[in-house]
Student: 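Have a look at this one.
For clarity, every value in this text was computed on a predicted model and none was experimentally measured. Values below: all heavy atoms of this structure, side chains included; hydrogens, waters and symmetry mates excluded.
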Amino acid sequence: MPATSGALSTAPRPSRAWLWFLLAGSVVAAAYIVLPTNQFTNWLFPAVNSSGAVAAIIGVRRNRPRNRSAWWMLAVALSLSAAGDIIFAGYDLFNAEAPFPSVADILYIGAHLLAAAAVVRLSHHAGRDSMLEAGVLTVPLALQYWIHIISPTLRDQNGSNALAVLVAVVTPVGTLIVLFGALRAGLSMEMRKWPARLLVAGMVAWFIPDAYYATASLNGTYNAGGWMDLGWMLMPLLLGAAALHPQMPQLNVPLHVSTNILSVRRYLMVIAGVLALDAYAAFTTHGPHRLVSFAVLASGFLAAARIRRPLSDMGRRATRDGLTGLPNRTELVRRLTFALAELPADGSSKVALLFCDLDRFKDVNDSLGHAAGDRMLITIAERIVASVRDDRDVVARLGGDEFVILMPDATDEATDLVAQRLVTTFTDPIMIDGTEVFPSVSVGVRTTDDYRADPSVLLNEADAAMYRAKSGGRGRAERFDDRYAAEASARLRLDAELRHALANDELTCVFHPEIDLTSGSLYALEALVRWQHPTRGLLSPDEFVPHAEAVGLVGILFEQVLDQVLTAQDGWLIEFGWRPTVAVNVSPRQLTNSRLVQVVLAALEAHGAPPSALILEVTETALVDDTVMTGTLAELRRHGVAVAVDDFGTGYSSVSRLADRHWDALKIDRSFVAGITGDPAREGVVRAMIALAHALRLRAIAEGVEDEPTLQMLRDLGCDAAQGYLFTVPVDAAEISRMILKSPEWNAVGTPLPSVA
């Protein structure tokens with residue numbers, strides 16, 4: 001993968017307009033509170049509040065957030081609130097008494113409704129945990145509001161205008177709903193971004209003066225220029241600053257559910273809010289209830305202190321890898337979820353995953369022990385951490401020798417450079433228990449600018465790219481592209497369909513005769529599995545058996561084929577009085593499974609079939625494993641089950657392995673048989689193969705015989721048996737029955753596998 005030297009260059013400095021706006025507005029707000037009230041200072045209040053609406057509009061137009069509709073609603077809400085402030089300032093300008101309720105109050109209610117709709121829109125993907133935590137904070141706040149504001153207002157204002165009471169109550173209730181939605185959205189984003197903090201702080205600054213204004217306006221105790229006005233001015237300043245902040249487009253609730261671990265910081269933030277409200281209740285309660293309030297407050301503090309350390313331990317175990325201390329899979333998925341949520345809609349940045357897997361790490365564990373392997377993993381983890389950009393990147397260990405790097409806000413160039421560092425720096429040796437180990441790593445790279453991407457799918461795709469890197473030579477990096485996506489999707493679909501086929505008996509066997517060239521009798525039938533796919537039609541083994549081997553389904557497939565073969569033999573035994581010998585293909589992966597011998601013998605016993613009724617065909621790759629030959633195959637042959645080497649000449653042929661006599665027959669691959677009548681070189685190769693088989697006292701069986709001249713030459717060369725379309729195409733068991741009826745000479749093979757004289 002190419003790397004660009006300037007890929008990690010310093011990014012342009014983000015705009016600080018939001019900070020200057022917040023500072024300037026705060027100075028003006030402070031001046032309004034401190035300076036004497038006059039015609040000039042009266043207009044500072046609506047000026048500050050109007051500036052918040054203007055800042056929100058500018059922020060939405062400049063930053064172009066993904067959830068633009070929510071921000072536009074918030075900007076309009078600020079505009080309505082500012083319009084209400086201007087109306088009140090007009091009453092003051094003309095020294096007129098403002099009625100209650102007034103047009104300004106209607107505008108304020110409209111502002112609250114729009115703000116509530118905005119935060120609902122912002123937080124509509126928030127999970128259940130954030131809703132519960134927001135409720136923990138707002139429910140006691142609502143209770144305090146009822147005790148200190150709503151209840152006294154309703155009790156003491158029996159003779160007041162019903163509309164006035166309604167307006168006085170609805171306004172702060174609406175703000176409470178806005179506050180709940182803002183807390184829910186903020187907690188869903190974990191308050192990691194400044195816009196989230198500014199947004200929630202602005203809602204709090206909105207709620208508190210609204211709540212007390214409900215009582216002050218009805219009781220006639222409200223005076224302009226007090227601290228309540230400061231809260232109202234802070235609200236548009238904070239919300240406007242949130243809109244102007246360059247991280248505002250990233251203020252998005254994740255689309256996918258993420259495991260939400262209650263961290264100590266998050267716990268303290270929630271509990272601190274509850275305790276603050278409890279403290280307020282304790283100090284504002286009168287009479288004998290004050291003692292109860294203080295007891296509740298003290299109990300809350302003790303409970304918070306007691307659970308802090310266990311919570312920290314649980315959070316660390318739930319999110320950290322015990323060996324390396326790196327984030328684990330749970331924490332990686334959570335951070336990936338938030339990184340995707342923070343992607344801008346314009347595709348200006350990407351999220352990258354680098355899936356790293358050590359090459360031949362099993363050799364270290366097997367030769368030096370697991371303790372040495374663990375020390376190597378710790379060193380590898382340190383090297384990976386040193387290879388990433390900075391604190392922006394997350395290095396996680398998924399388990400075993402698998403590590404993943406999450407690069408938020410990444411470019412293709414930066415991703416390629418980190419990947420290149422990984423595959424080059426890992427070649428430095430590691431000294432473990434006096435042994436010098438030269439590690440290497442294969443890296444799969446997956447990048448996306450799609451905020452709707454599924455985190456688990458991205459991880460699987462990065463994993464697929466890593467396996468492509470391994471198959472391409474190891475010690476390299478491979479980038480996932482659309483071709484891999486199509487292949488991965490096809491594999492997932494094939495996996496689901498194959499499992500369904502195995503569960504619903506959609507696989508069937510056909511049989512291809514092998515004819516004895518000396519007597520013309522039936523030497524054996526080779527069983528070939530087919531899949532009657534519901535939409536793709538009849539599928540050959542090449543289209544699904546390799547996948548079954550890769551995902552561990554080949555054992556189930558073999559058992560179903562073996563059962564169908566023996567069931568067909570049962571039918572032929574009843575119909576003709578003898579069992580044709582049937583050859584069944586066995587995957588090299590099955591040969592390492594100790595259950596294979598038990599499965600074969602149990603199936604033979606269940607059908608009352610002798611071991612001689614079965615031949616197991618294995619490819620030449622089985623020759624390279626001594627344990628397979630001296631273990632599984634040797635035990636099967638001791639029980640009388642014959643073994644044949646399939647496709648001889650195309651794999652890892654070894655004459656010394658053949659001489660070990662763990663086989664009974666060699667099947668010469670069709671690639672050698674085709675064209676022997678017109679090619680002396682091919683004829684010489686087949687002649688040598690047949691001679692080799694006979695020298696080792698093995699039967700020679702030729703595959704792919706399609707014409708009479710080829711068949712005659714194989715007879716002349718001394719080949720023992722032949723198989724091919726010259727005799728028939730593979731057919732089902734019923735057709736084999738008809739062929740046996742038409743070929744009485746086939747009935748000569750009701751005996752065990754004949755040996756070579």
Side-chain angles (χ1 to χ4, degrees), residues 464 467-468 470-472 483-484 486-514 524-565 582-593 596 615-624 644-653 666-674 701-706 722-733 735:
Y467 276 106
R468 183 61 63 95
K470 279 188 178 294
S471 63
R483 178 177 43 128
Y484 296 168
E487 292 176 357
S489 176
R491 283 195 301 271
L492 287 175
R493 185 168 58 253
L494 178 62
D495 186 71
E497 293 174 344
L498 181 56
R499 292 177 188 274
H500 183 276
L502 290 170
N504 294 277
D505 297 325
E506 293 178 9
L507 301 182
T508 185
C509 283
V510 293
F511 301 89
H512 205 193
E514 298 174 0
L525 296 168
E526 181 181 7
L528 302 171
V529 65
R530 297 289 188 267
W531 178 6
Q532 187 60 52
H533 194 279
T535 58
R536 296 169 58 190
L538 195 64
L539 302 183
S540 67
D542 292 341
E543 297 181 79
F544 60 91
V545 170
H547 179 79
E549 292 178 330
V551 299
L553 295 176
V554 71
I556 301 174
L557 191 154
F558 172 78
E559 291 181 28
Q560 290 194 7
V561 169
L562 184 60
D563 183 69
Q564 288 192 32
V565 163
V582 180
V584 180
N585 291 278
V586 182
S587 166
R589 289 177 178 267
Q590 289 179 265
L591 297 176
T592 59
N593 188 341
L596 178 62
I615 302 173
L616 296 183
E617 293 190 358
V618 298
T619 58
E620 284 186 80
T621 53
L623 275 68
V624 301
V645 179
D646 196 15
D647 301 331
F648 180 65
T650 61
Y652 303 96
S653 302
L666 296 182
K667 298 189 73 173
I668 303 171
D669 187 71
R670 67 182 65 247
S671 61
F672 297 101
V673 174
I701 306 168
E703 297 179 306
V705 179
E706 298 185 359
Q723 176 185 24
Y725 289 172
L726 173 64
F727 305 108
T728 180
V729 298
V731 294
D732 59 20
E735 182 61 29

Student: Between Arg491 and Ala464, which heavy-atom pair has the shortest distance, and what is it?
Tutor: NH2-CB, 3.7 Å
Student: Are Asp732 and Thr508 packed together at the side-chain level, in the sense that at least one heavy-atom pair is separated by less than 4.5 angstrom?
Tutor: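 No - every pair of side-chain heavy atoms lies 4.5 Å or more apart.
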Student: Less than 4.5 Å apart, side chain to side chain, heavy atoms only: is that true for Asp505 and Gln560?
Tutor: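 The answer is yes, as the side chains (C-beta and beyond) meet within the 4.5 Å cut-off.
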Student: With sequence neighbours excluded, what pairs up with Gln532 under the side chain to side chain donor-acceptor pair (under 3.5 Å) test?
Tutor: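 For Gln532 there are no side chain to side chain donor-acceptor pair (under 3.5 Å) partners, ignoring immediate neighbours.
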Student: Could you report the tightest heavy-atom contact between Val586 and Phe558, atom names first, then the distance?
Tutor: CG2-CE1, 3.7 Å
Student: Can you pull the ring-ring contact (aromatic ring centres under 6.0 Å, His included) pairs that have at least one residue in residues 524-545, sequence neighbours excluded?
Tutor: Trp531-His533, Trp531-Phe544
Student: Which residues pass the salt bridge (charged side-chain N to carboxylate O under 4.0 Å, His left out) test with Arg499, sequence neighbours left out?
Tutor: Asp495
Student: Taking side chain as C-beta onward, heavy atoms only, is Ser587 less than 4.5 Å from Val545?
Tutor: no
Student: Below 4.5 Å, heavy atoms only, C-beta onward: do Leu507 and Val561 meet side chain to side chain?
Tutor: no
Student: What closest approach, in Å, do Asp646 and Glu526 show between heavy atoms, and which atom pair accounts for it?
Tutor: OD2-OE2, 4.5 Å
Student: Quiz question: by atom type and distance under 3.5 Å, do the side chains of Ser540 and Asp542 form a donor-acceptor pair?
Tutor: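 No.
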Student: Determine whether Glu706 and Val673 make a side-chain contact, defined as any pair of heavy atoms from C-beta on separated by less than 4.5 Å.
Tutor: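 No, side chains not in contact.
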Student: Considering residues at least two apart in sequence or located in another chain, which fulfil the side chain to side chain contact (heavy atoms under 4.5 Å, CB included) criterion with Asn504?
Tutor: His500, Glu506
Student: Which atom pair, heavy atoms only, marks the closest approach of Ile701 to Ala722?
Tutor: CG2-N, 4.5 Å
Student: What is the minimum heavy-atom distance between Pro546 and Pro541, and which atoms define it?
Tutor: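 Answer, listing the atom of Pro546 first, then Pro541: CD-O, 3.5 Å.
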Student: With Ala548, which residues qualify under side chain to side chain contact (heavy atoms under 4.5 Å, CB included), at least two apart?
Tutor: Leu498, Leu553, Val554, Leu557
Student: Check side chain to side chain donor-acceptor pair (under 3.5 Å) between Gln564 and all other residues, then give those that pass, not counting sequence neighbours.
Tutor: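 Applying side chain to side chain donor-acceptor pair (under 3.5 Å) to Gln564 gives none.
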Student: I'd like to know whether CZ of Phe727 has more than 12 heavy-atom contacts from other residues, nucleotides or ligands below 6.0 angstrom.
Tutor: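 Correct, the count exceeds 12.
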Student: As an exercise, state the distance from NE2 of His547 to CD of Glu497, rounded to the nearest 0.5 Å.
Tutor: 10.0 Å
Student: For Gly704 versus Arg670, what's the shortest heavy-atom pair and its separation?
Tutor: CA-NH1, 3.4 Å
Student: Evaluate Leu528 against Arg530 for side-chain contact (heavy atoms from CB on, under 4.5 Å), listing each step before the verdict.
Tutor: CA-CA 7 Å; Leu528 302 171; Arg530 297 289 188 267; 3.5 Å; yes
